[in-house]
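Read through the structure below, which is laid out as structure tokens, and then see the notes.
Keep in mind that this is a model prediction, so the values were computed, not measured. Whatever order the structure lists ligands and atoms in, that order sets their numbers, starting from 1. Note: hydrogens, waters and symmetry copies are ignored here, and every other heavy atom, side chains too, is used.
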Amino acid sequence: MAEQREQFRSRLGFILAAAGSAVGIGNLVGFPVNAAKSGGAAFLLVYALFVVFICLPVMIAEMSLGRNTQRNPLGAYNAASDNNKMWRIGGWLAIITPFMIAVFYQVLTVWLLAYFIGAVTGNLEAMAQPDYFSTFINSNSVFLYLIVLTILIGIILNSGVQNGIERLAKILMPTLFVMLLTLVVFVFTLPNAGIGLQFYLVPDIGKITPSVISNALGQAFFSLSLGMGILITYGSYVSKRDSIAGGAKMVALVDTSVAFFAGLLILPAIFVFNPEINTEELSTSSVSLVFTFLPKIFLSLQTLVGVIGANLFASAFFLLVFFAALTSQVSILQVPISAFQDELGYSRLKSVLSLGGCAALLVVASTMSFGMSPFFTEFTAYGGAVKSLFDVIIDVFYDTILPLNGLIVCLFVVYRWRKTSFNQELSVGDDNFEGSFTQKYVNLSVGTFIPVVLLLVFINTVALKFFGFSFV
Ligand code: PHE
């Protein structure tokens with residue numbers, strides 16, 4: 001490498017950038033929906049246990065591998081295994097997975113941008129109509145938003161780690177926290193919010209079933225951006241003066257807090273809309289909640305806060321989720337970009353343009369897979385259902401390969417890179433690591449039961465998604 005590797009400017013910058021990656025649609029929407037359906041605080045508790053005891057060690061493993069090797073995931077697997085061919089598969093998966101997840105996430109982010117613009121321009125009433133969403137996603141205006149978003153993301157990524165990603169996170173993350181808290185406080189002032197609050201905070205242990213537990217793990221894993229090569233890549237930009245374990249804990253804390261506060265926003269809002277609501281009816285899909293159900297809730301606020309108030313609230317909400325999605329999106333695209341820079345020696349601009357171009361083609365194809373193009377809409381069939389290209393990307397990369405990548409990284413770090421190197425890296429910039437509880441726990445878990453749990457999740461997902469068979 002001729003040039004010096006980029007680095008985050010400060011510890012805070014790194015934490016905010018990693019938290020920016022972690023905080024996304026998963027926290028703001030996925031978590032509240034799951035909590036609403038699965039026992040409120042009981043779900044939160046299971047989720048938090050998974051964050052601390054399963055996800056945090058995986059996060060630490062990913063970051064330390066990145067910082068030690070100073071590479072993107074592909075280079076990291078190569079460097080830490082002396083170019084072993086078999087382990088290189090792990091590296092490839094950790095490049096291809098984020099690229100494909102970026103494709104599906106881009107589709108959602110485009111819709112969020114459009115809904116934000118829709119609310120700002122006072123279009124909430126139309127957006128709350130039952131077939132608005134399906135008409136909108138099949139209209140040509142989607143492509144307009146797609147172009148705007150692609151250029152915006154391209155500019156941010158081309159500005160680099162410090163001036164692009166870190167600066168964006170430093171501006172957007174605090175803004176996001178303030179907006180989230182303001183919306184929570186506002187919702188609390190509305191009638192019936194208390195019922196929602198009670199519903200959320202009083203645990204219903206009876207709802208905790210094996211499938212809820214497995215959902216909670218999947219949710220936590222996705223929410224912390226694990227298995228996507230992101231934390232390996234971001235780890236490679238962390239200064240040797242900083243503590244990896246300390247940073248990882250902060251990121252997990254921020255991410256979980258945002259999920260918790262999003263619950264404080266969404267659940268009371270649902271009950272303000274309809275105090276009698278049966279939460280079983282809420283779809284598990286974040287997509288239908290954000291784009292069809294929430295606009296209805298926001299519109300109903302008209303009677304309490306007027307038309308302008310309702311549009312303002314909806315605008316603030318969509319902007320909040322859009323910001324969260326944007327910071328996640330830049331983090332995930334930075335993974336293949338750094339691979340192009342390190343491995344092929346491409347300049348940043350060339351990497352951004354070539355990857356952006358490939359991604360854009362796939363995003364267009366996915367955008368057309370909701371009806372515009374019969375070929376992409378009925379792309380294939382398995383597990384007893386016809387699947388669009390968009391569905392296939394979610395099933396294969398998000399549902400199936402993410403836990404597999406987590407499994408591979410754990411095995412790699414402990415059995416190939418070896419515990420001594422792992423521990424040495426974690427002690428760099430962290431005088432208190434040696435002998436700490438974190439060290440003992442991470443050493444115990446990463447090579448033993450965490451991979452076992454992830455393997456079970458992987459097997460269960462493959463059986464369920466592709467063969468229509470459920471173990472839990
Ligand atoms: N952690 C993100 C979320 O909760 C997941 C994600 C990260 C998705 C990066 C895409 C890119 O939504």
Side-chain angles (χ1 to χ4, degrees), residues 15-35 47 50-51 55-56 58-59 62-63 73 94-112 149 153 156-157 165 168-169 172-173 176 180 215-235 248 251-263 266 284-287 289-290 318 320-338 355 359 362-363 366 390 393-394 396-399 401-403 405-406:
I15 290 173
L16 287 178
S21 170
V23 171
I25 303 173
N27 308 58
L28 292 173
V29 189
F31 177 83
V33 181
N34 272 310
Y47 177 88
F50 278 140
V51 167
C55 297
L56 195 55
V58 179
M59 188 184 240
E62 290 200 14
M63 286 180 180
I95 298 290
I96 297 169
T97 314
F99 179 76
M100 295 306 289
I101 290 186
V103 169
F104 102 72
Y105 216 72
Q106 180 87 342
V107 175
L108 302 186
T109 312
V110 167
W111 296 343
L112 286 170
L149 181 67
I153 292 178
I156 298 166
L157 285 170
I165 296 178
L168 181 81
L172 287 197
M173 292 310 287
L176 187 144
L180 180 59
N215 261 346
L217 177 58
Q219 173 72 34
F221 205 80
F222 177 71
S223 186
L224 289 178
S225 298
L226 301 178
M228 306 184 195
I230 296 176
L231 298 165
I232 301 179
T233 310
Y234 274 22
V251 174
L253 183 69
V254 171
D255 188 64
T256 309
S257 311
V258 170
F260 173 72
F261 280 102
I266 304 249
T284 28
S285 136
S286 304
V287 172
L289 187 97
V290 185
F318 284 114
L320 174 79
V321 189
F322 173 69
F323 281 168
L326 186 66
T327 47
S328 297
Q329 191 60 350
V330 296
S331 77
I332 204 162
L333 282 163
Q334 180 62 29
V335 180
I337 287 178
S338 72
L355 276 158
L362 279 164
V363 175
S366 306
F390 186 76
I393 296 177
I394 294 188
V396 174
F397 290 96
Y398 164 72
D399 275 321
I401 300 196
L402 275 194
N405 286 347

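Using modelled atom types, one side-chain atom of Glu62 and one backbone atom of Gly227 make a donor-acceptor pair closer than 3.5 Å.
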Once you restrict both partners to nitrogen or oxygen, which atoms of ligand 1 have a protein partner under 3.5 Å, and how far apart are they?
from	atom 1	to	atom 2	distance (Å)
ligand 1	1 (N)	Ser21	O	3.4
ligand 1	1 (N)	Ala22	O	2.7
ligand 1	1 (N)	Phe222	O	3.1
ligand 1	1 (N)	Ser223	O	2.9
ligand 1	1 (N)	Ser225	OG	3.3
ligand 1	4 (O)	Ala22	O	3.2
ligand 1	4 (O)	Gly26	N	3.3
ligand 1	4 (O)	Asn27	OD1	3.1
ligand 1	12 (O)	Ile25	N	3.0
ligand 1	12 (O)	Gly26	N	2.9
ligand 1	12 (O)	Tyr105	OH	2.6

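Every residue two or more places apart in sequence or in another chain that forms a side-chain hydrogen bond (donor to acceptor under 3.5 Å, both in side chains) with Asn405 is listed here: Thr97. In this structure, the side-chain hydrogen bond (donor to acceptor under 3.5 Å, both in side chains) partners of Gln334, at least two apart in sequence or on a different chain, are Tyr237. Considering only residues two or more places apart in sequence or on other chains, Ser331 meets the side-chain hydrogen bond (donor to acceptor under 3.5 Å, both in side chains) condition with Ser21.
Screening Val335, Leu402, Ile401 against Met228 for a side chain to side chain contact (heavy atoms under 4.5 Å, CB included) leaves a single residue, Leu402.
The aromatic rings of Phe222 and Phe104 sit parallel to each other, their planes meeting at less than 30°, with 60° as the upper class boundary.
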